[in-house]
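Take a look at the structure below.
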Amino acid sequence: MARSVFGLAPRGTRASSRRLFELLQVGCIPVYIWADCLWLPYRELVEWDAIAVVVHSKQLPKAPATIQNYTQEQVEEMRHNIHRLQHLWTMPGICQYIVEYVLRHEKAIPAMLEDVEFDGRNETQSCA
């Protein structure tokens with residue numbers, strides 16, 4: 001994976017995919033595939049088009065051509081952006097982000113959790 005320039009990061013059974021973080025941790029440009037809900041972490045910190053190829057599943061047949069259209073300069077810039085944000089893809093960075101997010105939104109969190117069942121069968125319908 002570390003030798004790859006691009007790597008597939010299809011959405012998993014949850015709102016995102018651990019593959020997304022694995023690819024970013026090794027400096028690989030993720031090709032994030034989504035279908036029903038576009039959810040990417042750090043939206044207020046990261047311009048995702050600058051570090052990833054974001055593809056709706058209906059556009060998947062066009063993804064190879066999209067990737068091939070990136071110039072070497074664009075690829076290098078994307079990889080530079082990934083490395084510049086490297087601290088976000090580490091466990092300490094993720095934990096720091098969660099703590100800061102909770103502190104910023106602590107009054108809204110109880111309402112956000114009303115629709116969530118914690119037994120593993122259901123999640124909130126919103127991915128925002």
Side-chain angles (χ1 to χ4, degrees):
M1 184 183 327
R3 292 185 305 208
S4 298
V5 176
F6 293 91
L8 290 178
R11 183 177 159 185
T13 57
R14 304 284 184 204
S16 189
S17 167
R18 75 172 188 270
R19 287 175 209 86
L20 177 66
F21 287 98
E22 291 170 345
L23 291 165
L24 291 166
Q25 286 171 343
V26 297
C28 189
I29 299 169
V31 179
Y32 181 75
I33 304 164
W34 65 282
D36 58 340
C37 182
L38 175 59
W39 184 91
L40 290 164
Y42 307 113
R43 287 179 298 193
E44 67 278 4
L45 301 175
V46 175
E47 183 181 335
W48 282 96
D49 289 338
I51 66 168
V53 179
V54 180
V55 179
H56 189 280
S57 61
K58 291 180 181 176
Q59 300 299 321
L60 197 53
K62 297 178 183 180
T66 300
I67 293 167
Q68 289 175 346
N69 285 332
Y70 280 94
T71 66
Q72 186 62 35
E73 292 82 21
Q74 289 172 311
V75 168
E76 288 173 12
E77 183 176 346
M78 291 174 86
R79 292 185 99 174
H80 172 76
N81 291 335
I82 290 169
H83 289 291
R84 186 175 49 81
L85 298 168
Q86 195 69 40
H87 65 282
L88 294 175
W89 326 128
T90 65
M91 186 57 73
I94 293 167
C95 291
Q96 178 182 351
Y97 175 78
I98 291 169
V99 168
E100 290 173 1
Y101 183 90
V102 168
L103 292 175
R104 280 193 315 270
H105 298 92
E106 65 182 312
K107 291 183 178 168
I109 289 176
M112 295 164 110
L113 296 177
E114 286 179 1
D115 296 331
V116 178
E117 292 183 27
F118 291 100
D119 63 1
R121 289 182 292 178
N122 294 324
E123 294 182 36
T124 182
Q125 294 299 313
S126 171
C127 64

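These numbers come from the heavy atoms of this one structure, side chains and all, not from hydrogens, waters or symmetry mates.
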Is the closest side-chain heavy-atom distance between Val5 and Ile29 below 4.5 Å?
yes
Taking the side chain as C-beta and beyond, is there a heavy-atom pair between Leu23 and Trp89 under 4.5 Å?
no
Less than 4.5 Å apart, any side-chain heavy atom of Leu85 and any of Tyr42?
no
Treating Ile, Leu, Val, Met, Phe, Trp and Tyr as nodes and any side-chain heavy-atom pair under 4.5 angstrom as an edge, say whether Met91 and Val102 lie in one connected cluster.
no
Tell me whether Glu47 at atom CD has more than 12 heavy atoms from other residues, nucleotides or ligands lying less than 6.0 Å away.
no
How long is the gap from CD on Gln59 to NE2 on His56, to the nearest 0.5 Å?
8.0 Å
The salt bridge (charged side-chain N to carboxylate O under 4.0 Å, His left out) partners of Glu44 (sequence neighbours excluded) come to Arg104
So how far is it from Thr66 OG1 to Leu60 CG, rounded to the nearest 0.5 Å?
10.0 Å
Indicate the atoms forming the closest heavy-atom contact of Ile82 with Leu24, along with that distance.
CG2-O, 3.5 Å
Between CD on residue Glu77 and CZ on residue Arg84, distance to nearest 0.5 Å
9.0 Å
Roughly how far, to the nearest 0.5 Å, is the CG atom of Asn81 from the CZ atom of Arg79?
12.5 Å
Distance col, row Ile94:CD1 vs Phe21:CZ, nearest 0.5 angstrom, shows 5.0 Å
Is there side-chain contact between Trp34 and Leu40, with at least one heavy-atom pair below 4.5 Å?
no
Among Tyr32, Tyr70, Trp48, side chain to side chain contact (heavy atoms under 4.5 Å, CB included) partner for Val53:
Tyr70
Interatomic distance, Arg43 atom CZ to Leu38 atom CG [nearest 0.5 angstrom]
8.0 Å
Gly7 to Cys28 - nearest heavy-atom pair and separation
N-SG, 3.5 Å
Considering only heavy atoms from C-beta outward, does the side chain of Gln25 approach that of Thr90 to under 4.5 Å?
no
Considering non-hydrogen atoms only, spot the tightest contact between Ala9 and Pro30 and give its length.
CB-CB, 4.3 Å
